[in-house]
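Down below is the structure, laid out as structure tokens.
Chain letters run A, B, ... following the sequence lines, proteins first and then strands; every chain starts at 1. What you see below is based on every heavy atom in this structure, not just the backbone, and it leaves out hydrogens, waters and symmetry mates.
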Number of protein chains: 2
Amino acid sequence: MPQTPAPRKTPGRPPRISRDEIIGTALRILDEGGVDRLTMRRLAAEIGSTPMALYHHVRNKDELLVLLLDDYATRTLRRPELPAQPRERVIVAAEAIHEVLAACPWIVTVLTADDLLSKTALWFVEQIVDGFVDCGLTLDQAVHGYRAIWYYTAGEIMVRTAATRRRAEDDRPIHRESVFADLDPDEVPRLAQVADRWEALTAQDTYSDGLRALVDGLATR
Amino acid sequence: MPQTPAPRKTPGRPPRISRDEIIGTALRILDEGGVDRLTMRRLAAEIGSTPMALYHHVRNKDELLVLLLDDYATRTLRRPELPAQPRERVIVAAEAIHEVLAACPWIVTVLTADDLLSKTALWFVEQIVDGFVDCGLTLDQAVHGYRAIWYYTAGEIMVRTAATRRRAEDDRPIHRESVFADLDPDEVPRLAQVADRWEALTAQDTYSDGLRALVDGLATR
DNA sequence: ACCTGAACACCGTTCAAGT
DNA sequence: ACCTGAACACCGTTCAAGT
């Protein structure tokens, strides 16, 4: 949990804004208007201060984003009941992480910043690694297994978020549409066959299906 | 392949810059200095023109990026020999896409923009979908299988690129390090066990391993 | 110690005018 | 048809000064 750095005993001027206020306001802006709206200047204005006051509580914008993700994860990640079967344990832990991340699209920018979101997420990583070990993998294989799940999960969220955002914008002629418009049935028969259903098919939520397949494949060694 | 829009017969002023020149220069900037260096203004300066001249050949920066990816894919994607076994065919096609994308880190920004990179990539998607169908999946399942591979592949590249970029910057105290510094062995015993090897383990290239696991899991239905 | 003002060095994009 | 200049509406961050 983030807290103001050094709580000294009134050495100088009393602070007018706190790290918590910054984080709180930033989260509100994020929820209201999306990632693009969160700028240091707007944040300062919303707080009723100047851009530079922020830099006294936060090193820079990147640190602010990590702090935000950390705070969000701590508040919303709830440890689920874990099934006894190790393979199911891996799946439940991964789904819990996915669920929380998928719910806040602004996360995407920070997602790639690090593979470990926050201290709160460690417990979930532990369950995944431990579940794989119980499946009979070596510790190294288990870590690689976790990485594979992380790639898949992060990729799903990033691609899906981008797709949703694109749909929200009014720009009509999506690149994909123009590509799909004139498929050569001789060159790519399967794609030609599903062309008109592609959008609907890819809009379906198949995260759990893919996750199960991945975990099955990883556990069967 | 991108080409200048309308080659009319000298209706007005002759063009001083072409779409191809824009793309060529943009690719050079990308190779030299990374994504951050590619701005409309810098591009124009490099060409020896003004920012606004670009907008005459390209709708906006997003379109430019899609054009760049398209051009890059067309030049570098080479169709590989496909094995007879369908499952191997899926893997070979996916690895071909992954190899090309992994080689150019600037791609990341555009990656999420659409799941279909360019016309050139369609053949590879076809092989993956068709391979899954030959494995006994329905067409719908095959498309979902392709999507799972795409999530995994895009995620791997994005996370890995971000990690590499982070390593390049001199900023020392990476978030992960501070999180790993004081792991509680009672809370997260497995992670505590691998803590000092985590960096080395996650630096390993395990894309193909994970891909094989995923494809195995998807094909076994 | 904490905050402010002014400034630096940038962005993408639009508009009106030039050739 | 194609290009230019000037401007709009922004960015993140630093520096020097104020209280």
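Spacing between atom CD1 of A/Ile17 and atom C1' of C/dC3 amounts to 8 Å, rounded to whole angstrom units. Across the protein-nucleic acid pair, B/Arg16 atom CZ and D/dC2 atom P stand 13 Å apart, rounded to whole Å. Between A/Arg19 atom CZ and C/dC2 atom P there is a gap of 12 Å when expressed in whole angstrom units. Distance A/Asp62 CG to D/dT13 C1': 12 Å, rounded to the nearest Å. If you measure from atom CG of A/Leu54 to atom C1' of D/dT14, you get 14 Å, rounded to the nearest angstrom. The distance between atom CG of A/Leu65 and atom P of D/dG12, rounded to the nearest whole Å, is 10 Å. Per the geometry, NE2 belonging to B/His56 stands 12 Å off C1' belonging to C/dG18, to the nearest Å. We find that CG of B/Leu43 is positioned 10 Å from P of C/dG12, with the value rounded to whole Å.
Residue B/His57 places at least one side-chain N or O closer than 4.0 Å to OP1 or OP2 of D/dC3. One finds no side-chain N or O of B/Thr50 lying less than 4.0 angstrom from the OP1 or OP2 phosphate oxygen of D/dG5.
Shown here is A/Glu99, whose CD atom has no more than 12 heavy atoms of other residues, nucleotides or ligands within 6.0 Å. By the neighbour-count criterion of 12 heavy atoms within 6.0 Å, atom CZ of B/Arg79 is densely surrounded, having more than that number from other residues, nucleotides or ligands.
Taking the side chain of B/Tyr55 as heavy atoms from C-beta on, and the options C/dG12, D/dG12, C/dC3, the nearest nucleotide is C/dG12.
A heavy-atom distance below 4.5 Å is not found between the side chains of B/Gln193 and B/Leu183. No side-chain heavy atom of A/Trp150 sits less than 4.5 Å from a side-chain heavy atom of A/Val125.
In DNA chain D, consecutive stretches of 3 or more Watson-Crick or G-U wobble pairs with both distances under 3.5 Å are given as paired ranges: C:4-8 with D:12-16, C:12-16 with D:4-8.
The stretch residues 29-38 of chain B has no heavy atom under 4.0 angstrom from DNA chain D at all.
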Restricting both atoms to N or O, compile the protein contacts to nucleotides 6-10 of chain D shorter than 3.5 Å, with distance only.
none

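When only modelled atom types and interatomic distance are considered, B/Arg160 and B/Tyr207 share no side-chain donor-acceptor pair under 3.5 Å.
Salt-bridge annotation for A/Asp31 and A/Arg37: absent, with no side-chain N of the basic residue lying under 4.0 Å from a carboxylate O of the acidic one.
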